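As the structure lists them, so they are numbered: ligands from 1, and atoms in each ligand from 1. Keep in mind it's a predicted model, so treat the numbers as computed, not measured.
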Amino acid sequence: MPAYCYFILCDNNAFYTGWTKNIKRRFKQHLHGKGAYYTKVHSPVEVVYWESYGDDKIARKREVQLKKLTHNQKINLSRGRLTNMCDRLYFDKYNYFVNSPGRVNLLGEHVDYNGGPVLPVAIDRSVSLWANRRNDQQFSVNALDMDQNVVLTLNSIESRMDIQGNPLPDWALYPAGVIHIAHKQNYQINGFDSLFKSNIPIGSGLSSSAAIEIAFAALLREFGMWKMDNLQLALLSQEAEQRYVGVNCGIMDQFASANGAANSALYLDTATLQWQILPLPKDVAIVIADSKIKRNLATSEYNERRASCEEALSKLKEFSPSINYLSDVSPQEFAKFGKNLAEIPYKRAKHVIEECQRVKLAAQALKSSNIVEFGKLMKATHASLRDLYEVSIPQIDTLVEIANAHRSCFGSRLTGAGFGGCTVSLVLQESADKFMDDIKRDYYLNTGSEIEVYICKASNGVTVQWRNQTSSLTDGKSPID
Ligand code: ADP
Ligand code: MG
């Protein structure tokens, strides 16, 4: 269930900060002197700002942070002043702002459609979505990065058209798909006017598409007051990508974008959907290196990998009928029965089965802050993606070799579906700048090509913020700061 942190402006010009599962009800309690001692003594005037999270655990943590802000920091947040000047332009026009992060997967590649465990991290690159609610069921979506706008209705979405009967551009399938699936599942749908942009590189393995889906799903949840947690939000968005966009994806990307946790990785069992937050050591940086090589063959190769996994699963089921996913097959069982598979399904299944074991070991390593062991597992994953799953390319292998040879690097590997895109490396924080300079230079010397390298911070999942644009909030010092 979504939970909110909020600021109430009180009659002494100070803020009261709290968290709740229902803002309207809570504000009424404050108005009647039954909310908190502070609002009993200083009458509440209005709610000037709130932000929502998928569950109350994160909201409670966030409340502690918000309570530590100074009066002026709270004013800045309420007015959207903490963002850059360009974004400020939109704050004046839109009440709602959604931030939905991309993700990088530390370990567990190509296992989320095989029931295996994964270890993604939501990152500080995200989709920014601004919106206002409408009183009808019309949706206007402006993709700032594409310089395109579409206007949709439920009917036009059903026939994959905009309101004028033009076919939808590819990018519009993501928001439209989320609206469509939510409508089919009988959720209350509210129209909106919106615009969005993103700094997640497209098609590089950092999941720009899921971040868009989760942004719009969170917005619709807010407007429709759906009682839905972030895991369900991810499942709805996955269904949109599978059934409306037409990509047969696993659940990891949407899950990470919805449920990310600051300074932590997420351990998700994609078969049971059980998950936990695993804090990352403070002295380790996550470095992304973007090869800028676009994944040309990705869709056909991805489908081929899925088909091989299915073939392996159905053959293995003949010997061990109780298995539902490749992730259920133990390495011992595979040693016994795997020889019955043809060469290609054998290699693909071997990767998946061993990768599942690596993720479990990696989670243990994280729990005991053993990053050296974690790094070794990342290196083994890369070798497996290269030799068994065959989704790497020579340039990415070169990049990974350069990174793994660096003394500050614990482990580096291809991340995402493969055939280009990004690598992820875990690096000693204090040497991260040098590491980035070194691999840039060495890759250029080896290949003559430039890469983009940056540090990603593990971040919280999707948030919705609301600002009261017509509030009586005035600048100035609070009597209590
Ligand atoms: P990724 O691995 O980055 O998720 P996908 O191929 O799954 O790659 O999704 C990429 C697609 O998502 C793009 O082709 C585009 O349709 C949409 N998309 C991503 N970022 C943006 C953006 N900033 N603006 C509009 N559409 C975007
Ligand atoms: Mg995607």
Once you restrict to heavy atoms under 4.0 Å, what part of Ile212 touches ligand 1? Side chain, backbone, both or neither. side chain
Which of the numbered atoms in ligand 1 are below 4.0 angstrom from a heavy atom of Trp171? 16 (O), 25 (C), 26 (N)
Asp56 side chain vs Pro2 backbone, donor-acceptor pair below 3.5 Å: no
Run Phe97 and Phe196 through ring pair (Phe, Tyr, Trp, His ring centres under 6.0 Å) and show every step you take. CA-CA 10 Å; Phe97 173 70; Phe196 77 97; over 10 Å; no
Nearest heavy atom to atom 10 (C) of ligand 1 wins, so pick from Ser208, Ala143, Ala211, Gly416. Ser208
In short, side chain to side chain donor-acceptor pair (under 3.5 Å) pairs touching residues 449-460 with sequence neighbours left out are Lys292-Glu452
With sequence neighbours left out, what residues match Tyr244 under ring pair (Phe, Tyr, Trp, His ring centres under 6.0 Å)? His180
So if I count the atoms of ligand 1 from 1 in the order they appear, which ones are less than 4.0 Å from some heavy atom of Phe196? 24 (N), 25 (C)
What do you reckon, does Lys197 have a nitrogen or oxygen under 3.5 Å from a nitrogen or oxygen of ligand 1? no
Strictly under 2.8 Å, is the Mg ion (ligand 2) approached by any N, O or S atom of Ser207? no
Donor + acceptor pair across side chains of Glu51, Tyr49 (<3.5 Å): yes
Among Pro169, Gly203, Ser209, closest by any non-hydrogen atom to atom 7 (O) of ligand 1: Ser209
So with a 6.0 Å cut-off around CG of Asn166, is the heavy-atom count from everything else above 12? yes
List every atom of ligand 1 that sits less than 4.0 Å from any heavy atom of Met146, numbering the atoms from 1 in the order shown and giving each element. 24 (N), 25 (C), 26 (N), 27 (C)
